[in-house]
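Numbered from 1 within each chain, the chains take letters A, B, ... in sequence-line order. Every value quoted in this text rests on a predicted model; they were computed, and no experiment measured them.
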Amino acid sequence: MTSRSESPATARTLFDKVWDAHVVVPESTDAPAVLYVDLHLVHEVTSPQAFTVLAERGLAVRRPERTLATVDHSIPTSPASWEDGLDDMDAAARHQVHSLADNCRRNGVPLYGVSSPRRGIVHVIGPELGATRPGMTIVCGDSHTTTHGAFGALAFGIGTTEVGHVLATQCLLQRRPKTLAVEVSGRLQPGVTAKDLTLAIVRALGVNGGTGHAIEYRGAAVAALDMEGRMTLCNMAIEAGARCGMVAPDDTTFEYLAGRPMAPAGQAWERALVAWRTLPSDEGARHDRSETIDASRLAPQVTWGTDPGMVAAVTERIPAPANAGQRRALEYMGLNAGQPLAGRPVQLVFLGSCTNSRLSDLRAAASVLRGRRVAQGVRMLVVPGSQETRRLAEAEGLDRVFLDAGAEWHESGCSLCIAMNGDRAGAGQTVLSTSNRNFEGRQGPGARTLLASPLTAAASAIAGAVADPRPYLADARRTA
Amino acid sequence: MTGDAAMQPVSRICAHTFVLPAENVDTDQIIPARFLTTTRREGLGRHLFADWRRDAAGRRRDGFGLEEANGAAILVAGRNFGCGSSREHAAWALADYGFRAVISTEIADIFRANALRNRLLPVVLPEPDVGWLMAHPGVELCIDLEARLVELPDGWRSPFDIDAFARRCLLDGVDPLGWLLGRDGDIAAYEETRACRP
């Protein structure tokens, strides 16, 4: 089997360039490629068993300086927990957090631990620290590692056995995926965000539409997104089943990275820029498949079912179920086909997760909530993606906006996205959530999740029901 | 224990099926996140499909049937099995419960890799074959990895594809980590070349 890299005259895609640069041993019919990993992100939930295998086999971490660990999944976020010194933390979760600290200390792996001011969700702190950079290969025992593709990195989730492979060898055995171009033309309208775009793309592709593929998001609407928007977009590539999602690096990328703690500086920065500018797909480079979507026509999107492809515009009615899975989903959600999504009462609103917990997400929600109140009977959790995001938000008074509106202002972590840290929704409760998965029980057994943007989350918190955010926008207020 | 270190060869699996007639079964259903606070791989079978097997009070749910399907070791499920979270706990839970293979028309990428690392054989068959197996729950069948065939006692056979390396690892008990460690010279050379690059 020949690899495209063997004909250098051929125009190459962004994916091709990053893949080719990391092949240690080329792929053959008999064996996958040995692919080098530039950055290995590690967290407390999917790493302990991998460190155990290393210890049992007497192996060391090959490149601790290419490894970065933090605690995010099982760490409490509620202010009360932290005031009590995390006394209420589940014993197993506490053991897991301690195990990570031990494993990192023994192996010399840098850890942004419980008391670190740079701790946070692994997919938020990587970019924030400048550890995530264009052209890198990045893996983590977490499917939302696709987020880092926003920088033109090849980034994907792996299982724990493979976490062990990377710890021990800094490499993975990988077959080259196919490539899929998702061309997004037009421009997003006011009140319609990267989250709405990524939900619309999952709807269009289906939850298995990207299986076996690396997605490259491109086109005018993608180029117009800021880095945090591009992270939101790539974050949900896995929800279409794709191995990864990528966006070509450009000046927006470089401006975001300049001056970050781990970004190169001085001459090294200049050299990096030269290399990074060669990464975008060459003119005429071919993808195995392509799909197009017009951003201009999108309204805010909300999920109505139990997979992230069951999506409708907030202005639409819930579609008639097309199969048994959709019928089951409607039953679980307590929804009926033909009902409008808008007006569906919500009991909980969650603003957070690696999809939407960055400063721009908090600012967007605050712009809607400023001077307004969360509806009576609705609980709203605002969980910043990192301690640094939290600090920056507080510096511009966003915490006051949320608290004055009656929302809760938490410490950073994954929180109600995965509901394994004590933050949990009750059975039958409906949660309007800015996270990435609406699977049955994801936010607590029997909980019902509606995925949407931070703007839609804020508007729905005020309305006490699913609400189109556009009438709540600052511009709409002035003209009202 | 499961995982690379103790790769026992897998060549032929003969067992009864358990049918899960749902598409897009995500790993949150296979094992809910609240069971992921463990630091071990063992013992997760008791949480397999926890919320589909049992209600909030711990009572067995009617109609799911896993606990009634004694000895079933081949799971037959709808399209896109194992989508969602990368948690290897899903493969650990299935293997710990006693499953040795999963048959579907499509298996999600990360889950497929995790399954292979735990001697849980992912088998993709065409729609009509999976449809027939769905309609005949509990049937006994054999999966021959050497011949890459799924076989019924009446002589019916269906071929399946599997990555050559994954197949060799399973048939010969090759440990992928050991194999990677054996490429140490190539890895060191790669690191050296890159370090010299501007």
Side-chain angles (χ1 to χ4, degrees), chain A residues 24-25 29-32 34 36 45-46 48-49 52-53 56-57 59 62 73-74 90 92-93 95-96 99 141-143 157-162 164-165 168-171 173 175 177 207-208 211-212 238-239 241 243 271 275 307 323-325 328 418-420 427 437 439-442 445-446, chain B residues 1-5 21-24 26-29 32-41 50-52 55-56 78-80 83-89 91-92 106-111 113-114 117-118 163-166 168 176-177 179-181 183-184 186-187 189-191 194 197-198:
Chain A
V24 174
V25 180
T29 314
D30 291 339
V34 176
Y36 197 77
V45 175
T46 58
Q49 297 87 347
T52 301
V53 168
E56 283 169 358
R57 299 177 68 158
L59 297 168
R62 183 183 178 92
H73 281 64
S74 58
D90 171 74
H95 176 64
Q96 214 170 39
S99 298
D142 190 288
S143 60
I158 55 177
T160 297
T161 300
E162 291 190 330
H165 292 181
T169 68
Q170 204 58 35
C171 288
L173 291 165
R175 292 282 180 191
V207 290
N208 60 341
T211 303
I238 180 65
E239 307 313 332
R243 284 302 277 146
R271 280 197 303 274
D307 77 44
N323 53 46
R328 182 191 161 96
I418 189 164
M420 58 179 296
R437 289 191 172 134
F439 297 148
E440 286 183 29
R442 173 80 177 184
Chain B
M1 66 166 270
T2 55
D4 282 348
E23 296 188 344
N24 304 316
D26 59 79
T27 54
D28 273 81
Q29 307 316 311
R34 62 183 184 278
F35 302 115
L36 307 189
T37 51
T38 177
T39 56
R40 298 160 53 84
R41 294 170 184 241
D51 294 334
W52 284 359
D55 67 14
R79 184 180 60 139
N80 197 26
C83 60
S85 157
S86 60
R87 62 189 69 167
E88 194 162 321
H89 309 68
W92 295 335
E106 183 177 9
I107 295 177
D109 289 332
I110 305 177
F111 176 82
N114 288 338
R117 305 291 187 223
N118 291 279
D163 177 76
F165 182 78
R168 185 152 64 89
L177 176 54
W179 196 88
L180 261 177
L181 288 165
R183 310 314 294 252
D184 182 67
D186 295 312
I187 300 169
Y190 176 86
E191 286 177 328
R194 289 196 90 207
R197 254 181 240 168

Quiz item: Looking only at heavy atoms, what is the nearest atom pair of A/R243 and B/I110, with distance?
Solution: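 What the structure gives for the nearest pair is NH1-CG1, 3.3 Å.
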Quiz item: For the residue pair B/F165 and A/P32, what are the closest heavy atoms and their distance?
Solution: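 Looking at all heavy atoms of both residues, the closest pair is CG-CD, 3.4 Å.
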Rounded distance [0.5 Å steps], [atom1] in [X] versus [atom2] in [Y]:
X: B/D51; Y: A/F439; atom1: CG; atom2: CZ; answer: 14.0 Å
X: A/N208; Y: B/C83; atom1: CG; atom2: SG; answer: 8.5 Å
X: A/T52; Y: B/R41; atom1: OG1; atom2: CZ; answer: 8.0 Å
X: A/I238; Y: B/S85; atom1: CD1; atom2: OG; answer: 9.0 Å
X: A/R57; Y: B/L181; atom1: CZ; atom2: CG; answer: 6.5 Å
X: B/Y190; Y: A/Q170; atom1: OH; atom2: CD; answer: 10.5 Å

For [X], is it the side chain, the backbone, both, or neither that has a heavy atom closer than 4.5 Å to a heavy atom of chain B?
X: A/D307; value: side chain
X: A/A324; value: neither
X: A/A31; value: both
X: A/I418; value: both
X: A/S99; value: side chain

Practice problem: Taking atom types as modelled, find out whether B/W52 and A/E440 have a side-chain donor-acceptor pair closer than 3.5 angstrom. | Solution: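 The answer is yes; a qualifying pair exists.
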Is there a side-chain contact between [X] and [Y] in this structure, where contact means two heavy atoms from C-beta onward sitting under 4.5 Å apart?
X: A/P445; Y: B/R34; value: yes
X: A/V207; Y: B/N80; value: yes
X: B/E88; Y: A/T46; value: no
X: A/R442; Y: B/Q29; value: no
X: A/Y36; Y: B/I187; value: yes

Quiz prompt | Partners passing side-chain contact (heavy atoms from CB on, under 4.5 Å) against A/V25 (at least two apart in sequence or in another chain) | solution =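 Expected list: A/V34, B/R183, B/D186.
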Exercise. Against chain B, work out which of A/V45, A/N323, A/D90 has the most heavy-atom pairs shorter than 4.5 Å and name it.
Key: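 Looking at each option in turn, the highest pair count goes to A/V45.
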Quiz item: Using a cut-off of under 4.5 Å for heavy-atom pairs, which of A/G441, A/G241, A/G212, A/G325 has the most such pairs with chain B?
Solution: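 Option with the greatest count: A/G212.
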Top of [options] for chain A proximity - count of heavy-atom pairs under 4.5 angstrom:
options: B/A189, B/A91, B/A50, B/S86; result: B/S86
options: B/H89, B/E106, B/R87, B/R168; result: B/E106
options: B/A164, B/G78, B/G84, B/P21; result: B/G84

Does any backbone or side-chain atom of [X] lie under 4.5 Å from a heavy atom of chain A? Answer side chain, backbone, both or neither.
X: B/D163; answer: side chain
X: B/R40; answer: backbone
X: B/A33; answer: both

Quiz prompt | Check ion pair B/E191-A/R62 (N to O, under 4.0 angstrom) | solution =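 Yes, B/E191 and A/R62 are salt-bridged.
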Exercise. Could I get the full list of side-chain hydrogen bond (donor to acceptor under 3.5 Å, both in side chains) partners for A/S143, not counting sequence neighbours?
Key: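 For A/S143 the side-chain hydrogen bond (donor to acceptor under 3.5 Å, both in side chains) partners, ignoring immediate neighbours, are A/R437.
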Practice problem: Say whether, by atom type as modelled, one donor and one acceptor occur between the side chain of A/Q96 and the main chain of B/T39 under 3.5 angstrom. | Solution: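 Pair absent, no side-chain N/O of A/Q96 close to backbone of B/T39.
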Practice problem: I would like to know whether A/T211 and B/D109 meet side chain to side chain contact (heavy atoms under 4.5 Å, CB included); could you show each step before the answer? | Solution: CA-CA 7 Å; A/T211 303; B/D109 289 332; 3.6 Å; yes
Quiz item: Applying the side-chain contact (heavy atoms from CB on, under 4.5 Å) test to B/L177, which of A/L173, A/T161, A/L59 qualifies?
Solution: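 The residue from A/L173, A/T161, A/L59 that satisfies side-chain contact (heavy atoms from CB on, under 4.5 Å) with B/L177 turns out to be A/L59.
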Exercise. Begin with the C-alpha distance, continue with both residues' side-chain angles, and end with the deciding distance and a verdict on side chain to side chain contact (heavy atoms under 4.5 Å, CB included) for A/Q49 and B/T38.
Key: CA-CA 9 Å; A/Q49 297 87 347; B/T38 177; 4.2 Å; yes
